[in-house]
Amino acid sequence: MTVTRITPKAITGKGRLVYLLETLLGLMLITVLNVLLFRSDIGFMQVQPHPYWIVVVLIAVRYGFFPGFFAGFMAALLYLLFKAAAITDISLLELRSMDLWGPPLLFWVTGMALGEIRQGHIRELTNAQIALKESTRLAGEQKKEMQTLEQAKVEMDTRIFSQEHTLSTIYEAAQALRTLEAESIYMAILDLLRQYLDVEECSIYMMENNTFQLKASKRTTSPRPRNVLGQETEPLATVYRERKAVTIDMALRNDFDNAGLLIAAPVLTGSGMEAVGVLVVEKMPFLKFNPASIRMVELIADWCGSSLENALLHHNTREKLITDEIADVYNSKYLRRRLHEEFLRAKRYGLELSIIYLEIPGFTERIPEEQQATLVAFASVIQSHLRNIDLVFMHDTPGAFVVVLPTTPIAGARVVVNNIARAYQALVIMSFELESNAMALRVGTAAMAETMQETDELLAAMAEDIHDAVITV
């Protein structure tokens, strides 16, 4: 650290007057006392040590080099004056004697020496004060930086906490859209944006009759957008055509005329191969506009497409095409299609995905009436241990079920299997079916791996794991 040398306060400005005044007053006081009380020894020539030393030493020790120099010089000058006045007939030899020049020189040299020693202390003190001041300044800056970092941390924690409605939680909310009518899904999607991303203004456009039709809009202060936009309206046309999200900076770089948006994400079909509309975010808090939010808008837009597709499927085919009439779960024909959707979604967004195989032992040996009652009871047991985002399907094997667990790792799937197996065992005991062939539930589990490219690989891994359940406590 570079230290700037400054002149001590004692010898600058008013400080200079102080040491000059104290030196002159000290010497004057000694002289007055000498004249009034010791007339027989004018100049204190017979006193050792000489009283002038009081002034020289105190001034030099207190103020430093220049004051010491001045005090020594004034003491020497007074001493010479009084010494010369006491000699009536001075000769050339006496002018050269140390008796005349020795004490004055000693006053002067001693004043300078003591002053220089004190000056060194003053410099050290000054440098220490400068260093302390610099350290205090740096500490203040670091304190401000720390406060800024703490505020940033609080903001980041708040942002993370607000976004820590995990993908599983948001996924669960989105799954509820699958049972809604199309018109309700539009508003539910916009509510998701407002709930999880604090979006203030947003809209959904669907491609119908080669135009973008406004299906729903949320507004705070802005007027409602136009109900119909041409199919070439940018940046909606680019989002729809390329099936990729566009943000405000991309729109501005491409000189789009209609760039009054923050994020525009394509609404895709369940397969992700075709766009059916565009989800537009027009206003949201600045701190929320980040890559994570853009990704979340894309994900919600994808859920919108899946929900609309499911709603249309529900409207056109009803439950008889995708559900089993007896067990009230999805049928085996719907398993591959729906599992493929979940598989693609998990691969695209890096989510966990697990499946479970559950087979009732000795099912084919029962009479038809018992088979139906067993399917209903076992389906009820399975569903009671699942989340509302989990999916239950009938398997091609009689008396077997497949459970799809989105956002669930293999360890979680095994916990679910253990819970269902324990509940099934309790159900068997309560039904007084104590035969050994009715107790051993057959199970299998598998989880999607990064190397998997097709759902058949996931189903094959599940089939390889089928074994008799071992219930753990």
Side-chain angles (χ1 to χ4, degrees), residues 1-26 55-72 111-167 169-170 193-201 220-221 247-250 252-253 261-263 281-297:
M1 179 178 63
T2 304
V3 178
T4 304
R5 178 174 177 177
I6 63 173
T7 306
K9 181 179 178 180
I11 60 172
T12 59
K14 296 182 179 179
R16 180 181 295 119
L17 299 179
V18 172
Y19 85 78
L20 288 174
L21 184 61
E22 289 182 359
T23 301
L24 296 177
L25 286 178
V55 176
V56 174
V57 171
L58 290 179
I59 294 298
V61 168
R62 182 178 182 185
Y63 293 107
F65 177 78
F66 292 105
F69 173 90
F70 178 74
M112 287 190 295
L114 292 177
E116 180 58 29
I117 293 174
R118 175 55 180 163
Q119 192 69 40
H121 294 162
I122 292 175
R123 283 193 292 267
E124 292 178 0
L125 177 61
T126 301
N127 293 339
Q129 290 174 341
I130 293 175
L132 177 61
K133 185 176 180 181
E134 181 68 15
S135 299
T136 303
R137 184 186 65 80
L138 292 176
E141 292 179 354
Q142 292 176 352
K143 183 178 180 181
K144 292 180 180 178
E145 292 178 358
M146 181 64 69
Q147 291 174 346
T148 302
L149 291 175
E150 289 177 352
Q151 292 175 356
K153 179 179 180 299
V154 170
E155 175 61 31
M156 184 61 67
D157 290 342
T158 302
R159 184 187 306 174
I160 292 175
F161 180 78
S162 64
Q163 294 181 353
E164 280 294 315
H165 302 284
T166 61
L167 288 176
T169 305
I170 303 177
L193 292 175
R194 302 190 74 172
Q195 180 179 358
Y196 292 103
L197 296 177
D198 294 335
V199 172
E200 299 171 9
E201 297 183 358
T220 53
T221 57
T247 58
I248 184 173
D249 56 333
M250 300 178 188
L252 294 176
R253 284 199 301 269
L261 57 85
L262 294 179
I263 307 170
V281 174
E282 293 135 331
K283 186 176 182 182
M284 67 187 300
F286 175 75
L287 293 177
K288 293 287 185 179
F289 185 67
N290 52 59
S293 297
I294 297 172
R295 181 172 177 271
M296 189 62 65
V297 171

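Bear in mind that the values here come from a model prediction, so they are computed numbers and not experimental data.
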Once rounded to the nearest 0.5 Å, what's the spacing between atom [atom1] of [X] and atom [atom2] of [Y]?
{"X": "L262", "Y": "L197", "atom1": "CG", "atom2": "CG", "value": "11.5 Å"}
{"X": "K133", "Y": "T136", "atom1": "NZ", "atom2": "OG1", "value": "9.5 Å"}
{"X": "I130", "Y": "S135", "atom1": "CD1", "atom2": "OG", "value": "11.5 Å"}
{"X": "N127", "Y": "I122", "atom1": "CG", "atom2": "CD1", "value": "12.0 Å"}
{"X": "Q151", "Y": "M146", "atom1": "CD", "atom2": "CE", "value": "12.5 Å"}

With sequence neighbours left out, write down each residue that passes side-chain contact (heavy atoms from CB on, under 4.5 Å) with [X], or none if nothing qualifies.
{"X": "L24", "result": "F70, M74"}
{"X": "E201", "result": "R219, T220, T221, S222, E282, K283"}
{"X": "E141", "result": "R137, L138"}

Minimum heavy-atom separation for [X] to [Y], with atom names?
{"X": "V55", "Y": "A71", "answer": "O-CB, 4.4 Å"}
{"X": "G64", "Y": "Q119", "answer": "CA-OE1, 3.6 Å"}
{"X": "A60", "Y": "G111", "answer": "CB-O, 3.5 Å"}

| task | Pick out which of T247, V199, V281 makes a side-chain contact (heavy atoms from CB on, under 4.5 Å) with V297. | result |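 Answer to the side-chain contact (heavy atoms from CB on, under 4.5 Å) test with V297 among T247, V199, V281: V281.
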
| request: Please confirm whether the backbone N or O of Y19 pairs with a side-chain atom of T23, one donor and one acceptor, at under 3.5 Å? | output: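 Yes, the answer is positive, given that a donor and an acceptor are paired below the 3.5 Å cut-off.
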
| request: Could you walk me through whether K153 and L149 pass the side-chain contact (heavy atoms from CB on, under 4.5 Å) test, one step at a time? | output: CA-CA 6 Å; K153 179 179 180 299; L149 291 175; over 6 Å; no

| query | Heavy-atom distance under 4.5 Å between the side chains of I263 and M284, does that happen here? | reply |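 I263 vs M284: side chains touch.
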
| query | So, do P67 and R118 sit near enough that their side-chain heavy atoms are less than 4.5 Å apart? | reply |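 In short, these two side chains do not touch, never coming nearer than 4.5 Å.
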
| query | Got a sec, which residues hit side-chain hydrogen bond (donor to acceptor under 3.5 Å, both in side chains) with E22, two or more places apart in sequence or on another chain? | reply |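 If we apply the side-chain hydrogen bond (donor to acceptor under 3.5 Å, both in side chains) test to E22, skipping adjacent residues, the hits are R62, Y63.
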
| Partners passing side-chain hydrogen bond (donor to acceptor under 3.5 Å, both in side chains) against E116 (at least two apart in sequence or in another chain) |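 E116: side-chain hydrogen bond (donor to acceptor under 3.5 Å, both in side chains) contacts with R123.
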
| task | Please identify each residue that fulfils ring-ring contact (aromatic ring centres under 6.0 Å, His included) with F65, with sequence neighbours left out. | result |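 Here no residue qualifies.
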
